[in-house]
Q: 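Take a look at the following structure, please.
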Amino acid sequence: QVQLVESGGGLVQPGGSLRLACAASGSIFSFNVMRWYRQAPGKQRELVAAITSGGSTNYADSVKGRFAISRENAKNTVYLQMNSLKPEDTAVYYCYASGAALGSYWGQGTQVTVSS
């Protein structure tokens, strides 16, 4: 019933910016925690950023100061603003959402490629 759909990925040059969005459909309730993960070729999936329903945020050291996570609770949508992108940011980015009553869900992923 609940579905997470990511959008906004694509190809960008180093130093450029992208804005990812993840919309949760099928629920009128807000998720307690929404997160962005990424997985690069040959590497483990890693946590990039997280945000609570109250707006508290947390970032991986590798993206701190460059990425910003935000959410619109009324829409059950989370965003990831990605600035000063580097080739090492290239990965499939996945949205994750969880709530005490709603359970946990993963998006299908969106490809981000940073290359000159």
Side-chain angles (χ1 to χ4, degrees):
Q1 186 174 354
V2 175
Q3 184 179 13
L4 304 182
V5 180
E6 300 102 331
S7 62
L11 174 64
V12 65
Q13 294 185 10
S17 298
L18 287 173
R19 189 192 190 211
L20 306 183
C22 172
S25 63
S27 177
I28 63 172
F29 302 104
S30 177
F31 289 94
N32 298 113
V33 178
M34 301 188 79
R35 298 170 179 160
W36 286 99
Y37 291 81
R38 68 185 181 187
Q39 187 167 22
K43 297 181 65 177
Q44 297 279 77
R45 187 173 298 186
E46 64 174 340
L47 176 65
V48 176
I51 188 167
T52 68
S53 59
S56 297
T57 59
N58 194 273
Y59 299 92
D61 289 340
S62 59
V63 307
K64 199 168 187 177
R66 300 188 297 119
F67 292 7
I69 189 171
S70 62
R71 66 185 291 171
E72 297 183 37
N73 291 333
K75 297 181 179 180
N76 264 337
T77 301
V78 63
Y79 304 92
L80 185 67
Q81 180 66 46
M82 309 165 66
N83 300 321
S84 302
L85 283 163
K86 306 174 180 179
E88 50 262 45
D89 295 319
T90 296
V92 177
Y93 284 71
Y94 296 92
C95 179
Y96 170 89
S98 67
L102 296 172
S104 300
Y105 300 89
W106 288 92
Q108 81 286 355
T110 184
Q111 177 70 49
V112 172
T113 302
V114 185
S115 177
S116 59

Q: Can you list every pair that meets side chain to side chain donor-acceptor pair (under 3.5 Å) and has a residue in residues 31-40, with sequence neighbours left out?
A: Arg35-Tyr37, Arg38-Glu46, Arg38-Ser62, Arg38-Asp89, Arg38-Tyr93
Q: Starting from Tyr79 and following side-chain heavy-atom contacts under 4.5 Å between hydrophobic residues (I, L, V, M, F, W, Y), which residues can be reached?
A: none
Q: Shortest non-hydrogen contact from Cys22 to Leu4?
A: SG-CB, 3.9 Å
Q: For residues Asn83 and Ser17, report the shortest heavy-atom separation together with the two atoms involved.
A: OD1-OG, 2.9 Å
Q: Side chains of Phe67 and Leu85: does their closest heavy-atom pair fall under 4.5 Å?
A: yes
Q: Begin with the C-alpha distance, continue with both residues' side-chain angles, and end with the deciding distance and a verdict on side chain to side chain contact (heavy atoms under 4.5 Å, CB included) for Asn76 and Ser30.
A: CA-CA 6 Å; Asn76 264 337; Ser30 177; 3.9 Å; yes
Q: Are Val63 and Val12 linked, directly or through intermediate hydrophobic residues, by side-chain heavy-atom contacts shorter than 4.5 Å (ILVMFWY only)?
A: yes
Q: Hydrophobic clusters join Ile, Leu, Val, Met, Phe, Trp and Tyr when side-chain heavy atoms are under 4.5 Å apart, directly or via other members; which others share one with Val5?
A: none
Q: Pair up each side-chain donor or acceptor in residues 48-55 with any protein partner under 3.5 Å, not counting sequence neighbours, and list the distances.
A:
{"unit_1": "Thr52", "atom_1": "OG1", "unit_2": "Gly54", "atom_2": "N", "d": "3.3"}
{"unit_1": "Thr52", "atom_1": "OG1", "unit_2": "Gly55", "atom_2": "N", "d": "3.4"}
{"unit_1": "Thr52", "atom_1": "OG1", "unit_2": "Ser56", "atom_2": "N", "d": "3.2"}

Q: Mind checking whether Leu20 and Ser7 have side chains closer than 4.5 Å, heavy atoms only?
A: no
Q: Around atom CD of Glu88, are there more than 12 heavy atoms from other residues, nucleotides or ligands closer than 6.0 Å?
A: yes
Q: Heavy atoms only: give me the nearest Phe31-Ala24 pair and the separation to one decimal.
A: CE1-CB, 3.6 Å
Q: Quick one: which residue pairs count as a side chain to side chain donor-acceptor pair (under 3.5 Å) with a foot in residues 97-116, not counting sequence neighbours?
A: Glu6-Gln108, Tyr96-Ser104, Gln111-Thr113
Q: Calculate, to the nearest 0.5 Å, the distance between atoms CG and CD belonging to Leu18 and Gln81 respectively.
A: 8.5 Å
Q: How would you list, by chain and number, every residue that makes a salt bridge (Lys or Arg N to Asp or Glu O under 4.0 Å) with Lys64, sequence neighbours excluded?
A: none
